[in-house]
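Before any comments, here is the structure.
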Amino acid sequence: MGRQVGREDHIEEATRLVVERFPEAVAAMLGGSSANGGATASSDLDIVVLVPGPPAPHRETVLSDGRLVELFVHTVESARTSIDREIAARRSPLLQMCGASVLLVDHDGAGTRVRDDARRSIAAGPPALSTRERDDRRYAITALAEDLLDATDDDEVAFIGAAALVAISELVLLEHRTWLGRGKWLARRLRQAAPATAADLVAAHRHLHEGGGAERFVGAVLRALAPSGGRLAEGYVRS
């Protein structure tokens with residue numbers, strides 16, 4: 001684990017970068033671990049920059065004083081369009097960066113308005129699942145569980161197990177009206193939303209990964225699936 005560093009150091013570094021590279025910026029926000037105090041000396045800087053117009057929107061990764069910096073460059077309008085798209089998809093990287101951010105530049109209150117809107121959307125949570133969406137996910141998870149029980153190839157077991165873990169974790173989050181995430185964020189949000197289910201799934205998946213057979217992991221998946229209506233195969237209709 002890397003050594004944690006002071007948040008003020010990251011804020012100062014990010015502000016200097018924005019002023020140098022984007023003198024026309026109407027607002028800039030530092031997000032991610034650098035904003036919440038959890039960053040280490042090697043952490044990236046995640047910066048949302050709002051500019052008046054082209055070449056925004058775009059994303060770029062740069063190196064600044066030996067540190068990787070992820071720049072998400074938008075106009076106010078393109079930021080709102082991207083956030084609306086994220087809300088519909090129930091995934092929220094830009095929304096979270098804006099909502100849980102430290103303002104670096106804020107001319108005429110543009111950054112404050114974007115941040116406040118993002119915070120309200122985060123608090124409201126993602127849209128609820130429709131019956132059709134829930135059934136689609138139940139059917140896909142059921143198919144993965146059955147494929148896993150039938151699989152005899154170790155490579156196939158690894159891929160099916162990983163897909164099943166992601167699929168059931170996403171469904172649990174959506175039933176809890178919690179934002180989706182990828183990689184570490186999926187794990188973190190599942191642990192926060194449903195700690196007992198997260199522990200059950202992760203322990204069973206680790207058992208599968210270590211060659212312990214599929215039955216334990218499939219059992220954990222089906223337990224997590226039960227509150228959504230359980231397995232779904234026969235009788236499923238998709239028009």
Side-chain angles (χ1 to χ4, degrees), residues 7-39 43-65 67-130 133 170 173-174 176-189 192-193:
R7 188 176 74 152
E8 294 305 318
D9 294 334
H10 282 163
I11 293 173
E12 180 181 349
E13 183 179 349
T15 302
R16 183 172 62 251
L17 177 67
V18 170
V19 171
E20 291 174 355
R21 289 181 62 93
F22 303 97
E24 79 282 17
V26 297
M29 291 162 271
L30 176 65
S33 58
S34 298
N36 62 34
S43 293
D44 297 350
L45 296 181
D46 296 317
I47 306 175
V48 179
V49 185
L50 303 180
V51 296
H58 71 277
R59 174 179 175 175
E60 61 178 305
T61 303
V62 301
L63 197 62
S64 174
D65 295 330
R67 186 191 305 281
L68 281 177
V69 181
E70 299 283 355
L71 294 166
F72 303 82
V73 185
H74 282 274
T75 65
V76 172
E77 293 74 18
S78 73
R80 287 173 176 159
T81 298
S82 294
I83 287 173
D84 287 345
R85 190 180 303 119
E86 287 184 358
I87 291 172
R90 303 183 177 91
R91 297 185 185 276
S92 58
L94 182 60
L95 181 67
Q96 296 289 340
M97 276 190 287
C98 291
S101 66
V102 173
L103 288 171
L104 307 173
V105 175
D106 190 19
H107 296 308
D108 300 325
T112 298
R113 289 190 292 273
V114 170
R115 187 174 65 174
D116 289 349
D117 287 345
R119 287 176 174 175
R120 283 190 288 269
S121 294
I122 291 169
L129 281 172
S130 68
E133 289 173 319
E170 288 188 344
L173 288 180
L174 292 174
H176 282 77
R177 295 291 298 276
T178 298
W179 296 100
L180 299 179
R182 290 190 175 93
K184 65 184 179 183
W185 288 107
L186 183 61
R188 290 174 182 180
R189 289 175 182 166
Q192 184 175 21

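Atom CZ in Arg189 sits 8.5 Å away from atom CG in Leu173 (nearest 0.5 Å). In this structure, OG1 on Thr15 lies 8.0 Å from CD1 on Ile47, to the nearest 0.5 angstrom. Between Leu45 atom CG and Thr61 atom OG1 the span is 11.5 Å, to the nearest 0.5 Å. In this structure, CD on Glu86 lies 11.5 Å from CG on Leu180, to the nearest 0.5 angstrom. The CE atom of Met29 sits 9.5 Å away from the CE atom of Met97 when rounded to the nearest 0.5 Å. Distance CG/Asp44 to NE2/His10: 9.5 Å, rounded to 0.5 Å.
Enclosure of atom CZ in Arg177 by more than 12 non-hydrogen atoms of other residues, nucleotides or ligands within 6.0 angstrom is indicated.
Minimum heavy-atom separation, Ala25 to Val49: CB-CG1, 3.9 Å. Closest approach of Ala28 and Val18 over heavy atoms only: CB-CG1, 3.7 Å. Minimum heavy-atom separation, Gly181 to Leu186: O-CB, 3.3 Å. The two atoms that bring Leu94 and Ser82 nearest to each other are CD2-CB, 3.7 Å, heavy atoms only. Contact between Ser64 and Leu17 at its shortest, heavy atoms only, is OG-CD1, 4.0 Å.
For residues 87-97, the pairs satisfying side-chain hydrogen bond (donor to acceptor under 3.5 Å, both in side chains) are Arg90-Glu133, Arg91-Glu170, Ser92-Gln96, with sequence neighbours left out.
Distance alone, capped at 3.5 Å, places no donor-acceptor pair between the Arg59 side chain and the Phe72 backbone.
Two residues are said to be in side-chain contact when any heavy atoms from C-beta on lie closer than 4.5 Å; Arg21 and Val62 meet this criterion. In this structure the side chain of Ile83 never reaches within 4.5 angstrom of the side chain of His74, judged on heavy atoms.
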For Val105 and Phe22, what are the C-alpha separation, side-chain angles and deciding distance, and is it a side chain to side chain contact (heavy atoms under 4.5 Å, CB included)?
CA-CA 10 Å; Val105 175; Phe22 303 97; over 6 Å; no

Kindly determine whether Ser121 and Ile87 satisfy side chain to side chain contact (heavy atoms under 4.5 Å, CB included), including the steps that lead there.
CA-CA 8 Å; Ser121 294; Ile87 291 172; 3.8 Å; yes

Taking it one step at a time, do Leu50 and Thr75 satisfy side chain to side chain contact (heavy atoms under 4.5 Å, CB included)?
CA-CA 5 Å; Leu50 303 180; Thr75 65; over 6 Å; no

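Every residue meeting the side-chain contact (heavy atoms from CB on, under 4.5 Å) condition with His58, not counting sequence neighbours, appears here in chain and number order: Pro55, Glu60, Val73.
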Side chains of residues 109-117: which donor-acceptor pairs under 3.5 Å do they make with residues two or more places apart or in other chains?
unit_1	atom_1	unit_2	atom_2	d
Thr112	OG1	Asp106	OD2	2.6
Arg113	NH1	Asp108	O	3.0
Arg113	NH2	Asp108	O	3.3
Arg115	NH1	Ser101	O	3.1
Asp117	OD1	Arg120	NH2	2.3

